[in-house]
Amino acid sequence: MTYTLPPLNALRAFEAAARHLSFKLAAHELHVTPAAVGQQVKALEARLGVQLFERLHKQLILTAAGQAYLPGVSDGFRRLAEATSQLKPAGAVLLQLGVHASFDLRRLDLAAFRSAHAEIGLRVLQPAGLHELVEGKVDLLIARGLGHHPGYRCDRVNEGSGPGDWLIAPEGTADCPEIVSFRAWLRAVAAENPRANRPRLVGGIGS
């Protein structure tokens, strides 16, 4: 069976905006900008040929079509989340890695990490931010521009003087074997491919 679906990112933007009745709050949940949420919703409306929201002054209201669409979309995401949560990555220890929305996962070559560390079951959540790390939804986080945060060990992923990407772990678990293995693997990848477009751990804070 072939499923005819709109882009999932557009559906996520609609579902979050409809729950919050706010592009701003939806953007915070999805770790993108309110403008990006608005653009995704607009693209979804154009694709469906149906207006889903009434955009009033400082207020967002679901149209009748939006109200009818929301329960099915929310239930679909709930079922996907439940099915995903039942999957267990191979490995004796589960490591949950959060990654910010704009980071290109191809830079990490996660297949190579999984192959080299069969004992670690690696699961990735993207987008993710400090909120997910604080709440324990992820064990380790690649975040943008969070190099100084009390209570966390922060290692810069790439060189440069700008905000940069940082590998962040709570100080209490920063030396757990699975986190140490991931940190060491990033260093090894950088050493083997110094000129490749790969992450480089170049310094730490809080260690």
Side-chain angles (χ1 to χ4, degrees), residues 8-9 12 16 28-32 77-207:
L8 290 183
N9 281 342
R12 290 185 70 199
H28 179 74
E29 176 182 321
L30 299 175
H31 304 287
V32 297
F77 279 121
R78 179 184 61 79
R79 290 174 180 270
L80 285 170
E82 289 176 353
T84 302
S85 69
Q86 293 174 14
L87 295 175
K88 303 297 181 184
V93 179
L94 176 64
L95 176 63
Q96 301 191 93
L97 172 68
V99 183
H100 70 80
S102 61
F103 192 90
D104 185 353
L105 284 177
R106 291 173 297 181
R107 295 175 55 194
L108 297 178
D109 194 5
L110 296 179
F113 175 81
R114 291 185 173 104
S115 177
H117 297 278
E119 77 282 4
I120 298 174
L122 179 65
R123 176 175 286 169
V124 178
L125 176 63
Q126 187 183 35
L130 191 61
H131 181 75
E132 282 73 19
L133 186 62
V134 170
E135 287 195 344
K137 294 179 180 178
V138 297
D139 307 304
L140 189 63
L141 175 69
I142 295 179
R144 184 72 174 168
L146 284 176
H148 302 272
H149 202 81
Y152 293 85
R153 170 169 172 164
C154 305
D155 294 277
R156 185 157 184 143
V157 174
N158 52 354
E159 295 178 338
S161 58
D165 297 317
W166 294 78
L167 186 67
I168 303 175
E171 288 183 350
T173 58
D175 292 324
C176 288
E178 61 272 18
I179 292 179
V180 169
S181 293
F182 189 82
R183 190 184 298 121
W185 177 81
L186 286 180
R187 289 196 178 102
V189 168
E192 292 173 4
N193 301 277
R195 295 185 180 180
N197 184 24
R198 296 288 182 84
R200 296 179 56 117
L201 284 183
V202 297
I205 296 174
S207 53

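Since we're looking at a predicted model, the values are computed, not measured.
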Asker: Could you pull out the closest heavy-atom pair between Arg153 and Glu171, with the gap in Å?
Answerer: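 Heavy atoms of Arg153 and Glu171 come nearest at N-CG, 3.9 Å.
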Asker: If you look at every heavy atom in Ala16 and Leu30, which pair is closest and at what distance?
Answerer: CB-CD1, 4.1 Å
Asker: Partners of Thr173 by side chain to side chain donor-acceptor pair (under 3.5 Å), sequence neighbours excluded?
Answerer: none
Asker: Test of understanding: with ring pair (Phe, Tyr, Trp, His ring centres under 6.0 Å), list the residues that count as partners of His100, not counting sequence neighbours.
Answerer: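 Per chain and number, His100 pairs via ring pair (Phe, Tyr, Trp, His ring centres under 6.0 Å) with Phe103.
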Asker: Locate the shortest heavy-atom distance separating Gly98 from Ala128; write the atom from each residue and the value.
Answerer: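 Taking Gly98 first and Ala128 second, the nearest heavy atoms are CA-CB, 3.7 Å.
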Asker: Looking at residues at least two apart in the chain, or sitting in another chain, which of them share a side chain to side chain donor-acceptor pair (under 3.5 Å) with Arg78?
Answerer: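 Expected list: Asp75, Glu82.
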Asker: Looking at residues at least two apart in the chain, or sitting in another chain, which of them share a side-chain contact (heavy atoms from CB on, under 4.5 Å) with Pro177?
Answerer: none
Asker: Specify the closest pair of heavy atoms between His117 and Ser181, including all atoms of both residues, with the distance to one decimal.
Answerer: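 So the two residues come closest at CE1-CB, 3.9 Å.
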Asker: Just how far is it from atom CZ of Phe182 to atom CG of Leu122, taken to the nearest 0.5 Å?
Answerer: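 Output value for this atom pair is 6.5 Å.
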Asker: Kindly give the heavy-atom pair with the smallest separation between Trp185 and Ala112, and that separation in Å.
Answerer: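 Answer, listing the atom of Trp185 first, then Ala112: CZ2-CB, 4.1 Å.
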Asker: Treating Arg183 as the side-chain partner and Ala174 as the backbone partner, does any N or O pair qualify as donor plus acceptor under 3.5 Å?
Answerer: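 Yes, the answer is positive, given that a donor and an acceptor are paired below the 3.5 Å cut-off.
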Asker: Given Ile179, which partner from the list Leu97, Leu140, Leu167 fulfils the side chain to side chain contact (heavy atoms under 4.5 Å, CB included) test?
Answerer: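 Per the side chain to side chain contact (heavy atoms under 4.5 Å, CB included) rule, the option paired with Ile179 is Leu140, out of Leu97, Leu140, Leu167.
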Asker: About how many Å separate NE2 of His28 and NE2 of His131, when rounded to the nearest 0.5 Å?
Answerer: 6.0 Å
Asker: Could you state the interatomic distance from CG (Leu141) to CG (Asp165), rounded to the nearest 0.5 Å?
Answerer: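 It comes to 10.0 Å.
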Asker: How many angstroms lie between atom CD of Glu178 and atom CG of Asp139, to the nearest 0.5 angstrom?
Answerer: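 Result: 7.0 Å between the selected atoms.
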Asker: Who are the side chain to side chain donor-acceptor pair (under 3.5 Å) partners of Glu29, not counting sequence neighbours?
Answerer: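 Once residues adjacent in sequence are excluded, the partners of Glu29 under the side chain to side chain donor-acceptor pair (under 3.5 Å) criterion are Arg19, His20.
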Asker: If you round to the nearest 0.5 Å, how far is CD1 of Ile142 from CH2 of Trp166?
Answerer: 13.0 Å
Asker: My understanding is that only residues two or more places apart in sequence, or in another chain, count here; which of them pass side-chain contact (heavy atoms from CB on, under 4.5 Å) with Leu94?
Answerer: Pro89, Gln96, Arg123
